[in-house]
Amino acid sequence: MLTTLIYQSQLSAECSDDFLRILSREACEKNRSMQVTGILLFNGTEFFQVLEGEENVVDTLFSHICEDLHHTDVVELMRDYSAYRRFSDIGMTLFDLQKIDANVLTDEIRHMNQVQNRDLPDDRVFRFIKRFITQGGWYRSSEGFKSSQWKMVSNEHSRKITLPSSGQTSLCTFAFQPIVEPISGQISSFEALIRSPAGKSPEELFASIPPESLYSFDLETKAVALQQAGLMLRTDEKIAINLFPGSLYSIPGSVTLLVEQIRQANLRPDQVIIEVLETELITRIDDFHHSLKEIRAAGIGIAIDDFGSGYSRLSLLSKFQPDKIKLDRALIVDIHKNGIKQAMIAAIVKYCEDMGIKLVAEGVEKQEEWCWLQSIGIRLFQGYLFSRPCLNGIGEIHWPVRVS
Ligand code: C2E
Ligand code: MN
Ligand code: MN
C-alpha cells in the first residue's frame with residue numbers, strides 16, 4: 001500500500017555542507033532503488049522528511065533512519081495512505097532552508113507534484129510541509145528538558161509509611177500512589193487503588209462481587225481508603241478515590257454517606273477528590289448531574305479519569321468542567337516519539353490552562369516521556385517512574401534531578 005510518512009529530527013553534531021551533500025547523494029540512490037521518494041528539509045538544526053513509497057519499504061527505511069546517529073529525537077509526525085503518488089519517483093531531494101527563500105521553496109515543492117489535476121495546496125501533506133517551512137519544528141522539548149540532563153533519585157522527600165491494616169480489610173485493602181509535582185518536589189495528592197484482601201487487582205476484585213451489590217460495595221469500601229488516608233495524610237495533603245459514577249447516582253444518599261466517611265476519617269471534604277472514568281461519565285452524564293451538584297456543594301473535588309480513552313470528550317467538557325483531568329496512559333506512552341499525540345496533548349494543555357483545570361499525566365514510565373510532558377507545560381505526574389502503588393502505605397518516591 002502506498003504510504004506517506006513524515007518525521008522530524010534534530011541534528012546531533014555540527015554538520016558540514018559536505019556531510020549533507022554526501023548524505024543526500026547516498027540516500028538518493030538508495031531511495032531510487034526502493035522506489036521511495038524522500039523530500040528532506042533542513043533548517044540548520046532540524047530535519048523534516050517526507051517519505052513516500054510502499055508501506056513495508058518505508059517502514060524498514062524509517063527504522064534504519066531512527067537508528068542513524070547523525071540525528072537524534074526522531075518524532076513521527078504523520079503516517080497516511082494514499083491512492084496516488086504525490087511526488088514523482090525522484091529518490092531524494094534535500095532543501096537547505098538557510099539558503100533558499102521560503103516562498104521559492106514552497107513553489108518548488110508545489111511543482112514537484114506529479115498529479116497535475118490535483119490541487120496540492122489543498123493536500124494535507126503539502127500543508128504539513130508548508131508549516132515546517134514557515135514555522136519551523138514541531139513541539140520539541142525545551143533546552144532544559146533533554147532526558148540526558150536528568151536522573152531519577154530517591155532523596156529526602158521520600159517517605160515510607162506502613163499503616164496498620166484496618167478492621168474492614170476482610171472486604172478489601174488499598175494501595176496508594178502519589179501524584180507528584182517534580183519541579184517543586186511536592187506531593188500533590190495520593191490516589192487510593194482498591195485491591196482484594198489477597199492483593200489482587202480491582203478488575204478481579206470487582207468481578208467477584210455480585211453485580212447487584214457492586215455499586216454499594218464500591219461506595220462502602222471507600223470508608224477503608226479514607227480511614228487509611230486519615231491516618232497517613234498531613235493536613236495540607238489530598239486523597240483521590242475512584243468511584244463508578246453509578247455508585248454515586250444509583251445509591252440514594254451516596255454523597256451524604258461519603259461526607260460522613262470523610263468526617264469519621266478526620267479529613268476535610270476539600271482534602272478529597274473523586275475520580276470518575278470518562279467513558280462512564282459520557283454515557284450517564286444526565287443521571288450523574290444531580291450527584292455532581294451535591295459533590296460540589298459538599299466541597300469535594302472531582303476529576304475525570306482516563307481522559308482521552310473515551311469518545312465525544314469535547315461534548316462532555318462543554319457540559320461540565322472538573323477540577324482535574326487525568327490523561328489516559330494510552331496518550332502518554334512514547335509521547336516523545338509521536339507527533340500526533342503531541343499535537344493533541346498540546347491542545348489539551350492549552351484548554352486546561354484557559355479553563356483553570358489541573359492536568360495530570362498518568363502512567364508515566366520513562367524519563368523521556370516526563371521531559372516532553374514537563375516542557376509542554378504539564379506540572380502533575382503519576383506513574384512508575386516516580387512511584388509505584390504501595391499496599392497500605394506510600395512507597396519510595398523518585399524525583400528527577402538535573403545532572404547537567
Ligand atoms: P486508574 O484510576 O486510572 O488508576 C491508575 C492505574 O494505573 C492503577 O492500576 C495503577 O496501578 C496503574 N499505574 C500507575 N502508574 C502506572 C505506570 O506508570 N504504568 C502502568 N502501566 N500502570 C500504572 P490499578 O490499581 O490496577 O487500577 C486499575 C483501575 O481500577 C483504576 O484505574 C480505576 O479505574 C479502578 N479502580 C481502582 N480502585 C477503585 C475503586 O476503589 N473503585 C472503583 N470504582 N474503581 C477503582
Ligand atoms: Mn483513578
Ligand atoms: Mn486513570
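Heads up: numbering here begins at 1 and tracks the sequence. Just so it is clear, the structure is predicted and the values come from calculations on it, not from any experiment. Counting convention: from 1, in listed order, for ligands and their atoms alike.
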Exercise for review: Decide yes or no on side-chain hydrogen bond (donor to acceptor under 3.5 Å, both in side chains) for Glu54 and Gln35, but give the supporting numbers first.
Suggested key: CA-CA 8 Å; Glu54 269 306 307; Gln35 293 178 307; over 6 Å; no
Check your understanding: Within the structure, does Gln382 bring an N/O atom to less than 3.5 angstrom of an N/O atom in ligand 1?
Key -> no
Point to revise | the Mn ion (ligand 2) to Glu275: nearest N/O/S atom name | key: OE1
Study note, to complete from the structure: Quick note on ligand 1: atoms under 4.0 Å from a heavy atom of Lys222 include exactly 40 (C), 41 (O), 42 (N)
Revision key, fill the gap. Short version for Arg329: what comes under 4.0 Å of ligand 1, heavy atoms counted, is side chain
Point to revise | Contact check: Leu385 vs ligand 1, nitrogen or oxygen atoms, below 3.5 angstrom | key: no
Review point. Are there protein heavy-atom neighbours of atom 38 (N) of ligand 1 below 4.0 Å?
Key: yes
Check your understanding: Has the side chain of Lys222 got a donor or acceptor atom that lies under 3.5 Å from a matching backbone atom of Ile262?
Key -> no
Check your understanding: Which atoms from ligand 1 have a heavy atom of Phe244 less than 4.0 Å away?
Key -> 44 (N)
Check your understanding: Of Met112, Met92, Arg86, Arg85, which meets side chain to side chain contact (heavy atoms under 4.5 Å, CB included) against Thr37?
Key -> Arg85
Check your understanding: Does at least one non-hydrogen atom of Pro389 fall below 4.0 angstrom from an atom of ligand 1?
Key -> yes
**Study point:** Note: Glu260-Arg263 ion pair, threshold 4.0 Å (strictly below)
**Key:** yes
Revision key, fill the gap. To the Mn ion (ligand 3), the closest N, O or S atom belonging to Asp306 is OD1
Practice item. State the atom name: nearest N, O or S atom of Glu191 to the Mn ion (ligand 2). Key: OE2
Review point. Between Asp270 and Arg268, is there a salt bridge with N-O shorter than 4.0 Å?
Key: yes
Study note, to complete from the structure: Atoms of ligand 1 under 4.0 Å from any heavy atom of Leu193, numbered from 1 in the order shown, are 4 (O), 8 (C), 10 (C), 11 (O), 25 (O), 38 (N)
Exercise for review: Report yes or no: does Glu203 have a heavy atom closer than 4.0 Å to ligand 1?
Suggested key: no
Point to revise | Check: Glu191 N/O within less than 3.5 Å of ligand 1 N/O | key: yes
Check your understanding: Would Asp305 count as a contact for the Mn ion (ligand 3), in the sense that one of its N, O or S atoms lies under 2.8 Å from it?
Key -> yes
**Study point:** Ligand-residue contact atoms, ligand 1 with Val364, heavy atoms, under 4.0 Å
**Key:** 18 (O)
Check your understanding: Heavy atoms of the protein only: does one fall short of 4.0 Å from atom 32 (O) of ligand 1?
Key -> no
Exercise for review: Taking the six-membered ring of Phe128 (Phe, Tyr or Trp), confirm whether the NZ or CZ of Arg131 is under 6.0 Å from its centre and within 45° of its axis.
Suggested key: no
Practice item. Mark up the atoms of ligand 1 that fall under 4.0 Å of a heavy atom belonging to Phe206, in ascending order. Key: 40 (C), 42 (N), 43 (C), 44 (N), 45 (N), 46 (C)
**Study point:** Pro202, Ser309, Gly383: member with heavy atom nearest to atom 26 (O) of ligand 1
**Key:** Pro202
Check your understanding: So, Lys337 and Glu368, do they make that salt bridge, N to O below 4.0 Å?
Key -> no
Practice item. Just jot down the ligand 1 atoms closer than 4.0 angstrom to any heavy atom of Leu243, in number order. Key: 44 (N)
